[in-house]
K.L.:
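The following block contains the structure, expressed as structure tokens.
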Amino acid sequence: MNEPQKTSSTDNVAVCATKIVGAKNVLTAPEDIIPYGFDGTAAIKQRPLAVVFPADTAQVSAVLRLAREHRVPVVTRGSGTGLSGGSVPVEGALVVCLAKMNRVLELDTANLTLLAEAGAVTQEIYDAADKAGLFYPPDPGSMRVSTIGGNVAENAGGLRGLKYGVTRNYVMGMEVVLADGSVCQLGNKCVKDVAGYNLRDLFIGSEGTLGIITKVLLKLLPKPAARQTLLATYAQMDAAAATVSDIIASKIIPCTLEFLDRKTIRCVEDFAHAGLPLDAEAVLLIESDGHAAAVADEAAQIEEIARKHGATSVRRARDSDEAAQLATARRSAFSALARLRPTTILEDATVPRSELAHMVRFVESVATRHALDIATFGHFGDGNLHPTILTDERDTDEMHRVEAAMQEIFDEALRVGGTITGEHGVGLAKKKFLPAQLGDASYALLKNIKRALDPDGLLNPGKIFD
Ligand SMILES: Cc1cc2nc3c(=O)[nH]c(=O)nc-3n(C[C@H](O)[C@H](O)[C@H](O)COP(=O)(O)OP(=O)(O)OC[C@H]3O[C@@H](n4cnc5c(N)ncnc54)[C@H](O)[C@@H]3O)c2cc1C
């Protein structure tokens, strides 16, 4: 694959871009572009050449043609909340930020679909559906800020993944601009469509390396009639893990099944004041939704299972306010932990559910062996753990230990049949671990697909693989 190189005309690209999107939609001043030099990933930053804010698909297409002409790399950006360095620019890159293409274009109540521009904020999509009595389930913890384009590009998960799946399960179609500026319409409102390869799915989770997603057509569901939130408290982490296994084995699939360890509980409580039990070793936040009678029955069964496995208490949210407070507490885990040390490295190792207790214990042993501060929380129902390393990137010795710890955690996740990332993507942060997971043939196939769609290697170069 040809690597992009900075040419003498590179600096003119920003000037030419103003002719496409207007001067007020191009940033070049150092103080203006610094915020676009990093995302939510710790210790990775790089200043871009310029940032452009297109207003529509035609402008995106023209910007890509311009970049190709000048051989300038392009890094697509939504809100920059990514946790694997996906929207961190490479040197000399043009950042194409979709933040101004943020409209919900259509809510089709006959077909239960919603069409939005890629820069629409996830929460606004949820709210638009909710107002019509409908439901967009994927709810990444960052949904108040993240864009739907970023969610699709990362195939984002969320707290409701166990029952409702991830972003991929709701994408019916999309509009994508390819590296040469051509515009593709992929998918449609049909529930069934097997015409040709499923190109739409190729772009889900492609992390800005294959094209720029400009519109997304989403599937909506009827809004569940009732919800019940429970908080189960444990003196031992193993008991929490056993509860999760037993709930699933009992053929109950709650909407949410989240885990917080002792360190995270204390930190979140100090931050969010949701009444979490400070003496607990672990808590499970569980939500059941659906028909009111089914929810009541499911919640009773879940409570019984939790108590059978030694939960010291099971608290039921009295009303939607208390349920929202508990969900907000869980959503604030990353922000709460980030206050403790200068650098927060949130990992995403995911394992088969049967390996959860082992994996949490393994992470604890890694923390002890490398003298590191690691808190763990995550989507237990999905086997998706977020071991969060609290560190200081200025401390070289500690960062070496962090590297070693991460390597051990990923090696162990792969050894037990897991993955290096359940929802945050590969980006820059995890690309060195990818070959071990994919193996030679799959890794080569991935690169061949990239080469076919982006022969000049201009779209988000250096992400996922070199
Ligand atoms: C507090 C917090 C909580 C989080 N919780 C979750 C969670 O529960 N689940 C989860 O999965 N993630 C979570 N994340 C990670 C992050 O929010 C998601 O990956 C989200 O999808 C990123 O959206 P964004 O708009 O910020 O994208 P960005 O960070 O701007 O970009 C992410 C990647 O997508 C590409 N991209 C963005 N827009 C487009 C587009 N229109 N076309 C093509 N490529 C594009 C970028 O190039 C980059 O590679 C969390 C992050 C934070 C900070």
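Remember, it's 1-based here, ligands and their atoms both numbered in the order they're listed. This one's a predicted model, so the numbers in the text were calculated from it and none came from an experiment.
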K.L.:
Should one rank Ser332, Ser142, Gly425 by closest heavy-atom distance to atom 52 (C) of ligand 1, which comes out on top?
P.N.:
Ser142

K.L.:
Answer yes if the side chains of His386 and Glu347 hold a donor-acceptor pair under 3.5 Å, and no otherwise.
P.N.:
no

K.L.:
Hey, does the Lys NZ or Arg CZ of Lys223 hover above the aromatic six-ring of Phe135, less than 6.0 Å from the centre and inside 45° of the axis?
P.N.:
no

K.L.:
Show the atom names and distances, to 0.1 Å, of all donor-acceptor pairs under 3.5 Å that link a side chain in residues 144-153 to residues at least two apart or in another chain.
P.N.:
{"residue": "Ser146", "atom": "OG", "partner": "Thr122", "partner atom": "OG1", "Å": "2.8"}
{"residue": "Ser146", "atom": "OG", "partner": "Asn151", "partner atom": "ND2", "Å": "3.2"}
{"residue": "Thr147", "atom": "OG1", "partner": "Gly150", "partner atom": "N", "Å": "3.0"}
{"residue": "Asn151", "atom": "OD1", "partner": "Thr122", "partner atom": "OG1", "Å": "2.8"}
{"residue": "Asn151", "atom": "ND2", "partner": "Thr147", "partner atom": "O", "Å": "3.2"}

K.L.:
Short list, please: which atoms of ligand 1 are under 4.0 Å from a heavy atom of Phe334?
P.N.:
1 (C), 2 (C), 53 (C)

K.L.:
So is Asp139 polar-close to ligand 1, meaning N/O to N/O under 3.5 Å?
P.N.:
no

K.L.:
Among all protein heavy atoms, pick the one closest to atom 49 (O) of ligand 1 and tell me residue, atom and distance.
P.N.:
Glu207 O, 3.1 Å

K.L.:
What I want to check is whether the side chains of Gln228 and Ser288 have a donor and an acceptor closer together than 3.5 Å.
P.N.:
no

K.L.:
On the 0 to 90° scale, with breaks at 30° and 60°, tag the Phe380-Phe259 ring pair as parallel, tilted or perpendicular.
P.N.:
parallel

K.L.:
Examine Arg266 relative to Phe377 and say whether NZ or CZ is less than 6.0 Å from the centre of the six-membered ring and inside a 45° cone about the ring axis.
P.N.:
no

K.L.:
Which of the numbered atoms in ligand 1 are below 4.0 angstrom from a heavy atom of Arg77?
P.N.:
30 (O)

K.L.:
Report yes or no: does a heavy atom of Gly422 sit under 4.0 Å from some atom of ligand 1?
P.N.:
no

K.L.:
Backbone or side chain, does any N or O of Ile213 fall under 3.5 Å from an N or O of ligand 1?
P.N.:
yes

K.L.:
Can you see whether Phe465 has Lys431 sitting over its ring - NZ or CZ less than 6.0 Å from the centre and within 45° of the normal?
P.N.:
no

K.L.:
Near Gly149, which atoms of ligand 1 are under 4.0 Å from a heavy atom of that residue?
P.N.:
38 (N), 39 (C), 41 (N)

K.L.:
So do the side chains of Leu434 and Ile464 get within less than 4.5 Å of each other, counting heavy atoms only?
P.N.:
yes

K.L.:
Tell me, please, which residues at least two apart from Cys267 pass side-chain contact (heavy atoms from CB on, under 4.5 Å).
P.N.:
Ala336, Leu337, Leu340

K.L.:
What is the closest protein heavy atom to atom 53 (C) of ligand 1, and at what distance does it sit?
P.N.:
Thr81 O, 3.6 Å

K.L.:
Please test Leu94 against Val72 for side chain to side chain contact (heavy atoms under 4.5 Å, CB included), starting from the C-alpha separation and ending with a verdict.
P.N.:
CA-CA 7 Å; Leu94 194 62; Val72 171; 4.1 Å; yes

K.L.:
May I ask you to list the atoms of ligand 1 that are less than 4.0 angstrom from any heavy atom of Gly78?
P.N.:
25 (O), 28 (P), 30 (O), 37 (C), 38 (N)

K.L.:
Does one side chain, of Ser61 or Arg65, offer a donor that lies under 3.5 Å from an acceptor on the other?
P.N.:
yes

K.L.:
Is the shortest distance from a Lys or Arg side-chain nitrogen in Glu117 or Lys100 to a carboxylate oxygen in the other one below 4.0 Å?
P.N.:
no

K.L.:
Is Arg331 close to ligand 1, meaning an N/O of one under 3.5 Å from an N/O of the other?
P.N.:
no

K.L.:
Could you tell me which atoms of ligand 1, counted from 1 in the order shown, lie closer than 4.0 angstrom to a heavy atom of Gly150?
P.N.:
21 (O), 23 (O), 24 (P), 25 (O), 27 (O), 37 (C), 38 (N)

K.L.:
Does Gly157 have a non-hydrogen atom less than 4.0 Å from ligand 1?
P.N.:
yes

K.L.:
Could you establish whether Gly80 and ligand 1 come within less than 4.0 Å of each other, counting only heavy atoms on the residue side?
P.N.:
yes

K.L.:
Taking only heavy atoms of Gly211 into account, list the atoms of ligand 1 that are under 4.0 Å away from them.
P.N.:
43 (C)

K.L.:
Is Gly40 close enough to touch ligand 1? Criterion: a residue heavy atom under 4.0 Å from a ligand atom.
P.N.:
no

K.L.:
Determine, using heavy atoms of Leu83 and all atoms of ligand 1, whether some pair is separated by less than 4.0 Å.
P.N.:
yes

K.L.:
Hey, is Asp39 one of the residues with a heavy atom under 4.0 angstrom from ligand 1?
P.N.:
no

K.L.:
Give the contacting part of Ser79 toward ligand 1: side chain, backbone, both or neither, where contact means a heavy-atom distance below 4.0 Å.
P.N.:
both

K.L.:
Under a 4.0 angstrom heavy-atom cut-off, which atoms of ligand 1 come close to Asn460?
P.N.:
47 (O), 49 (O)

K.L.:
Ignoring angles and geometry beyond distance, decide whether Thr76 reaches within less than 3.5 Å of ligand 1 through its nitrogen or oxygen atoms.
P.N.:
yes

K.L.:
Distance to 0.1 Å, residue and atom name: give those for the protein heavy atom nearest to atom 21 (O) of ligand 1.
P.N.:
Asn151 ND2, 2.9 Å

K.L.:
Would you say the side-chain atoms of Tyr164 and Asp289 include a donor-acceptor pair closer than 3.5 Å?
P.N.:
yes

K.L.:
So if I count the atoms of ligand 1 from 1 in the order they appear, which ones are less than 4.0 Å from some heavy atom of Ala153?
P.N.:
34 (O), 35 (C), 36 (N), 44 (N), 45 (C)

K.L.:
Are the charged groups of Asp201 and Arg168 less than 4.0 angstrom apart, N to O?
P.N.:
yes

